[in-house]
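Input: a single structure, listed below in structure tokens.
Because only heavy atoms are used, hydrogens play no part in the values below, and waters and symmetry mates are left out as well, while side chains stay in. Note that the numbering runs from 1 along the sequence shown for the chain.
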Amino acid sequence: MFSNKPPTTPPPSPPQQQQQQQQQQEQQLLRLRKHSSLTHLFSTLSSLLFIQKSPINLKISQTPLRNLFTKLKTPTTMHPPPQNPTFPSPQSLSDWLKPRLPSASLAAWGASPGTKNIHNLWLELSQGETSLIDSTPPIRTVNVVTVTVISPDGRNLIEVRQELSDGSARDRGRPLSEKMKPGETVEGAVMRAVREELGLGGIIDEGVVRIVPGSYRKRVEERASASYPGLPASYVLHSVDAWVEGLPEGDFSTEEGEEYGDCDEAARVAEKAVFVKKHYWKWISTYDDSGSSPH
């Protein structure tokens, strides 16, 4: 006898249930991927349409390429250059030096034969001829041009002695030398030294003073200053050989004029300073300037 009821489907076994669930998850993942792709495509098309309708605003760096390389090469740690103190008067300079120098050394300035005084150092600082590094003791730095004058017969001119305005004298034994002015070239300092110390006043041109080609030498000497006892000095020496016309063939002497007469304040201070009054010169056969130190 047959029944009219539809046949009953037997429940799936556990492995079949697991397989069906996995297929359903894969179908859902596929639908999500399609939706995400369409959304991304729509977003991209919208962005392109917006960019096409909007003005383009590009910011171009104005930094030159050379500045970029400079920044790349700049070290991360830089030591600042030493600051040169400024002093409104010789007395302020003296007050600044007292705690930084032995009292006996400062007291010897201008008192011991052949030394200069606080007014000289103030003049050097105010005119930019000297700088001081703030340390204990301070270090005096001077750029100096030295000129080995050569005679027609090959001899060298040496300053053997100086006579100072206070009546004292000091031995030299070195060639013509002069402190350089701020911004002054070596050639300019040579011409000025010849004019002021060798007695060749007026205009000095290249026909009178000729620097020997290739003779320029530069070195730094650090030693105690003979002019200012107790004050260490760093001399930056710019040395040249030169031919100078119009000089006597034998030993001679020259007198030096006022050094700071072009400035009223400096001229007033210079009245209390110790300055070189007379130079004594001698021709010698040869001279080695490896051990010279001026001023």
Side-chain angles (χ1 to χ4, degrees), residues 112-116 120 129 142-181 184-202 204-229 233-257 259 274-295:
S112 298
T115 62
K116 296 181 179 180
N120 290 96
E129 299 173 341
V142 194
N143 278 271
V144 179
V145 64
T146 63
V147 188
T148 301
V149 179
I150 304 174
S151 68
D153 58 1
R155 294 177 298 165
N156 298 155
L157 184 65
I158 298 299
E159 184 180 24
V160 293
R161 187 165 57 94
Q162 288 180 346
E163 185 178 312
L164 305 182
S165 59
D166 62 356
S168 64
R170 59 180 182 180
D171 295 332
R172 298 290 283 174
R174 61 194 58 153
L176 169 66
S177 62
E178 183 70 24
K179 293 186 295 293
M180 297 181 67
K181 302 286 186 181
E184 190 174 37
T185 64
V186 173
E187 292 81 0
V190 170
M191 300 297 178
R192 184 170 57 84
V194 170
R195 181 176 62 252
E196 294 179 357
E197 298 195 9
L198 290 184
L200 297 180
I204 304 297
D205 56 26
E206 296 180 355
V208 177
V209 180
R210 293 174 297 153
I211 297 176
V212 178
S215 64
Y216 175 76
R217 305 172 298 280
K218 179 181 178 180
R219 69 180 187 277
V220 178
E221 291 185 1
E222 296 181 352
R223 61 180 65 192
S225 172
S227 299
Y228 307 103
S234 176
Y235 297 103
V236 183
L237 302 178
H238 305 267
S239 303
V240 297
D241 300 338
W243 297 293
V244 179
E245 296 184 2
L247 295 176
E249 296 182 0
D251 300 345
F252 62 99
S253 63
T254 57
E255 295 185 359
E256 187 168 351
E259 188 174 358
V274 179
F275 58 90
V276 178
K277 185 178 180 180
K278 201 168 187 178
H279 304 269
Y280 293 86
W281 306 95
K282 182 181 181 65
W283 294 100
I284 63 174
S285 56
T286 57
Y287 175 75
D288 180 11
D289 66 350
S290 59
S292 64
S293 63
H295 303 90

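Counting only distance, with no hydrogens or angles, the side chain of S112 and the backbone of T115 share no donor-acceptor pair below 3.5 Å.
Closest approach of A189 and V145 over heavy atoms only: CB-CG1, 3.5 Å. For V276 against Q162, the heavy-atom pair with the smallest separation is CG2-OE1, 3.5 Å.
A search for side-chain hydrogen bond (donor to acceptor under 3.5 Å, both in side chains) contacts involving S165 returns nothing, not counting sequence neighbours. With sequence neighbours excluded, no residue forms a side-chain hydrogen bond (donor to acceptor under 3.5 Å, both in side chains) with S215. Among residues two or more places apart in sequence or in another chain, the salt bridge (charged side-chain N to carboxylate O under 4.0 Å, His left out) test is passed with K282 by D251. Checked against salt bridge (charged side-chain N to carboxylate O under 4.0 Å, His left out), R161 has no partners two or more places apart in sequence or in another chain. Partners of E187 according to the side-chain contact (heavy atoms from CB on, under 4.5 Å) rule, which considers only residues two or more places apart in sequence or in another chain, are T185, I211. With sequence neighbours left out, the side-chain hydrogen bond (donor to acceptor under 3.5 Å, both in side chains) criterion links N156 to no other residue. Residues passing the side-chain hydrogen bond (donor to acceptor under 3.5 Å, both in side chains) test with S151, sequence neighbours excluded: D153. With sequence neighbours left out, E163 forms a salt bridge (charged side-chain N to carboxylate O under 4.0 Å, His left out) with no residue at all.
By the 4.0 Å N-to-carboxylate-O rule, R217 lies close enough to D241 to be salt-bridged with it.
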